[in-house]
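My questions all concern the structure below.
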2 protein chains.
Amino acid sequence: MSIKHGLLALLERGPMYGYQLRVAFEESTGGTWPLNIGQVYTTLSRLERDELVRALPENEGGQRPYEITEAGRADLAGWFGTPISRSDRPRDELAIKLALALTTPGVDARTVMQTQRTATMRTLQEYTRLKSGAGNGDLAWRLVLDAMIFQAEAEVRWLDHCEASLVRYAPLPAAPIESTAHDQEGVSK
Amino acid sequence: MSIKHGLLALLERGPMYGYQLRVAFEESTGGTWPLNIGQVYTTLSRLERDELVRALPENEGGQRPYEITEAGRADLAGWFGTPISRSDRPRDELAIKLALALTTPGVDARTVMQTQRTATMRTLQEYTRLKSGAGNGDLAWRLVLDAMIFQAEAEVRWLDHCEASLVRYAPLPAAPIESTAHDQEGVSK
DNA sequence: CGACACATGTAACACGTTACATGATTTG
DNA sequence: CAAATCATGTAACGTGTTACATGTGTCG
């Protein structure tokens, strides 16, 4: 759904051909999400089939530009006018993974959380580096980067929250018991 | 990818048949993400083809349970052991939408943001209601809910951040000028 | 009996990814 | 000339959704 409307939005600026669309799309998101060129052509075919775009005659350079139709404009307006609801977002694989980790024998949920946290922190640093690195006159791409940062931060916070909940729920997971008479501390709460 | 490993994780608890798997999967995530039953059967076929699960003989009740294989166990361990990276997550449709809204003629990015914000706030309230509503002995499903809450909160924060950036970048979008000498109020902050 | 939950499957379709095939133009 | 970039497309495959077809058992 995303790409379809993305292409329509780009065509709203004026007629463009496939290759151009890919470049423009990647520019809009700062190259964060590479768009496969094959996908562009197949999507354009479907858009043409649905009469949301119209192919223009091949020009001198052998390029096949498309223009948006009235129906396409209407569809695009609908997209921009309607908020994206939770239900049409993909399942959160990480949440599922952690939920299942809790009840899968032989899997330590804590380890899963910590591994994920480390990885997420690393990409978070990468994003911050990217952000400061480029001067970026480009507002759109800066906001996309911020979106990824906000999400990654939320993920880290959630992971911490999960670990806290786990500790409260199951203080120590079959803690290795010293045979000597040492105390085991810090288990409270 | 998600469902494949989800089913494997459930089968790690012991052999189950399709219908059972769907119920168990939905229970794990508190019914937040309904899983289509057709999907379960097709996924099981593929898992069997790849020898990650093995079909057991049909039992009295006419049910066809599956059990996880050694290869399946290995695959599952790999899933749990490897963090989910940003690159194998789906594109963030909202971020794309907003980035494109900024450069699409005839579209007011501010309106798009505000519409989205309202919708997200509403689902956020719904989540909080859900959370307090059920007593929930179930840790897994509580954490899944929290994940959605954390995400939605991050989204709202991001939207606010976007609006602030927009204001700084383009203080007033071709503000309609009153021909009379009246002030225009209430535009700030 | 009729509705509903249980249970299994297939077919059609949409979307995304990867890889392959092909050719023109530019540039070192 | 060779390599890179520009440019268009097709085929195969994985995954997900919806809808359809079918049958059993149970409960009001």
Side-chain angles (χ1 to χ4, degrees), chain A residues 1-8 10 15-27 29 31-53 55-66 75 79 84-85 87-93 96, chain B residues 1-8 10 15-27 29 31 33-53 55-66 75 79 84-93 96:
Chain A
M1 279 287 140
S2 218
I3 285 176
K4 169 184 158 183
H5 290 114
L7 297 188
L8 282 180
L10 292 173
M16 298 176 90
Y17 51 86
Y19 197 89
Q20 236 174 348
L21 283 166
R22 189 188 75 160
V23 173
F25 185 92
E26 291 193 347
E27 254 169 25
T29 61
T32 324
W33 289 302
L35 176 58
N36 188 283
I37 181 65
Q39 180 80 25
V40 175
Y41 293 114
T42 54
T43 304
L44 278 174
S45 312
R46 286 189 271 246
L47 285 172
E48 192 180 12
R49 178 202 55 192
D50 300 341
E51 297 185 313
L52 302 180
V53 304
L56 296 177
E58 186 171 329
N59 64 16
E60 340 74 50
Q63 294 132 9
R64 308 191 153 279
Y66 288 81
D75 194 289
W79 187 55
I84 293 172
S85 86
S87 55
D88 46 44
R89 281 175 229 233
R91 289 182 183 77
D92 182 347
E93 184 166 352
I96 293 175
Chain B
M1 280 286 142
S2 217
I3 285 177
K4 170 184 159 183
H5 290 113
L7 297 187
L8 282 180
L10 293 172
M16 300 176 89
Y17 51 87
Y19 199 88
Q20 237 174 346
L21 283 166
R22 190 188 71 158
V23 173
F25 185 92
E26 291 193 347
E27 254 168 24
T29 60
W33 290 302
L35 176 58
N36 187 282
I37 181 63
Q39 179 80 26
V40 175
Y41 293 114
T42 53
T43 304
L44 278 174
S45 312
R46 280 175 248 193
L47 285 171
E48 193 181 11
R49 179 202 55 189
D50 300 341
E51 298 186 312
L52 301 180
V53 305
L56 296 176
E58 186 172 329
N59 65 18
E60 339 73 50
Q63 294 130 9
R64 308 190 154 279
Y66 287 82
D75 194 289
W79 187 55
I84 293 172
S85 86
R86 292 289 130 183
S87 55
D88 46 44
R89 282 176 227 233
R91 289 182 183 76
D92 182 346
E93 185 166 351
I96 293 175

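Remember, it's a predicted structure, so these values are computed and weren't measured experimentally. By convention in this document, chain letters (A, B, ...) are assigned in the order of the sequence lines, proteins followed by strands, and residues within each chain are numbered from 1. Computed over heavy atoms, backbone and side chain alike; hydrogens, waters and symmetry mates excluded.
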Legend entry - d(CD, A:E26; P, D:dC6) in whole Å: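 Atom CD in A:E26 sits about 11 Å away from atom P in D:dC6.
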Inset, instruction - Kindly point out which of C:dG9, D:dT15, D:dT18 is positioned nearest to the side chain of B:N36? - result: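 Nucleotide nearest to B:N36's side chain: D:dT18.
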Inset, instruction - Quick one: pull up CZ in B:R64 and CD in B:E48 and give me the separation to the nearest 0.5 Å. - result: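 If we round to the nearest 0.5 Å, B:R64:CZ and B:E48:CD are 9.0 Å apart.
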Inset, instruction - Answer yes or no: is there a donor N or O on one side and an acceptor on the other, between the side chain of B:D50 and the main chain of B:L47, under 3.5 Å? - result: no
Inset, instruction - Using atom types as modelled and distance alone, determine if a side-chain donor or acceptor of B:Q39 lies under 3.5 Å from a backbone N or O of B:N36. - result: no
Legend entry - Gap between atoms CG and C1', on A:L52 and C:dA14 respectively (whole Å):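 Whole-Å distance recorded here is 14 Å.
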Legend entry - Student check: side-chain heavy atoms of A:R91 and A:I96 closer than 4.5 Å: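 Counting from C-beta outward, A:R91 and A:I96 do come under 4.5 Å.
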Inset, instruction - Measure the OH-CG distance between B:Y17 and B:N59 for me, rounded to the nearest 0.5 Å. - result: 7.5 Å
Inset, instruction - Using heavy atoms to find the nearest nucleotide of DNA chain D for B:Q39 and A:I37 separately, return the residue whose nucleotide is more 5′. - result: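 Counting from the 5' end, the first nearest nucleotide belongs to A:I37.
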Legend entry - Phosphate-side-chain proximity, B:R49 and D:dG14, N/O vs OP1/OP2 below 4.0 Å: yes
N/O contacts under 3.5 Å, protein versus nucleotides 11-13 of chain D?
none

Which pairs, protein N/O on one side and nucleotides 5-7 of chain C N/O on the other, fall under 3.5 Å?
residue, atom, partner, partner atom, Å
C:dC6, OP2, B:Y19, OH, 3.1
C:dA7, OP1, B:Y17, OH, 2.9
C:dA7, OP1, B:Q63, NE2, 3.0
C:dA7, OP2, B:Y17, OH, 3.3

Legend entry - Pairwise distance CG(A:L21) to CD1(A:I37) - rounded to 0.5 angstrom: 8.0 Å
Inset, instruction - Using atom CZ of A:R46 as one end and atom C1' of D:dG9 as the other, report the distance to the nearest whole Å. - result: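 Answer to the nearest Å: 14 Å.
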Legend entry - Donor-acceptor contact below 3.5 Å, side chain B:R22 vs main chain B:G38: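 Flag not set: sc B:R22 to bb B:G38 has no pair under 3.5 Å.
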Inset, instruction - Heavy atoms only: give me the nearest A:P57-A:P65 pair and the separation to one decimal. - result: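 The pair with the smallest heavy-atom distance is O-CD, 4.0 Å.
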Inset, instruction - Using modelled atom types only, decide if a donor and an acceptor are shared between the side chain of A:E26 and the backbone of A:V23 within a distance under 3.5 Å. - result: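 Absent.
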Legend entry - Nearest-Å distance for atom pair CG/P, residues A:L7 and D:dT8: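 The distance from CG of A:L7 to P of D:dT8 comes to 13 Å, rounded to the nearest Å.
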Inset, instruction - Ignoring backbone atoms, establish whether A:R91 has a side-chain N or O less than 4.0 Å from OP1 or OP2 of D:dT15. - result: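 Checking A:R91 against D:dT15: no side-chain N or O falls below 4.0 Å of OP1 or OP2.
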Inset, instruction - Please state how far atom CZ in A:R89 lies from atom P in D:dG16, giving the value in whole angstrom units. - result: 19 Å
Legend entry - For atom CH2 of A:W33 and atom C1' of C:dG16, their distance in whole Å: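 So the CH2-C1' distance, A:W33 to C:dG16, works out to 16 Å.
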Legend entry - Euclidean distance, atom CG of residue A:D88 to atom C1' of D:dG16 [Å, nearest integer]: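 After rounding, the reported distance stands at 14 Å.
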Inset, instruction - For A:R22 and C:dT18, give me the distance from atom CZ to atom C1', rounded to whole Å. - result: 14 Å
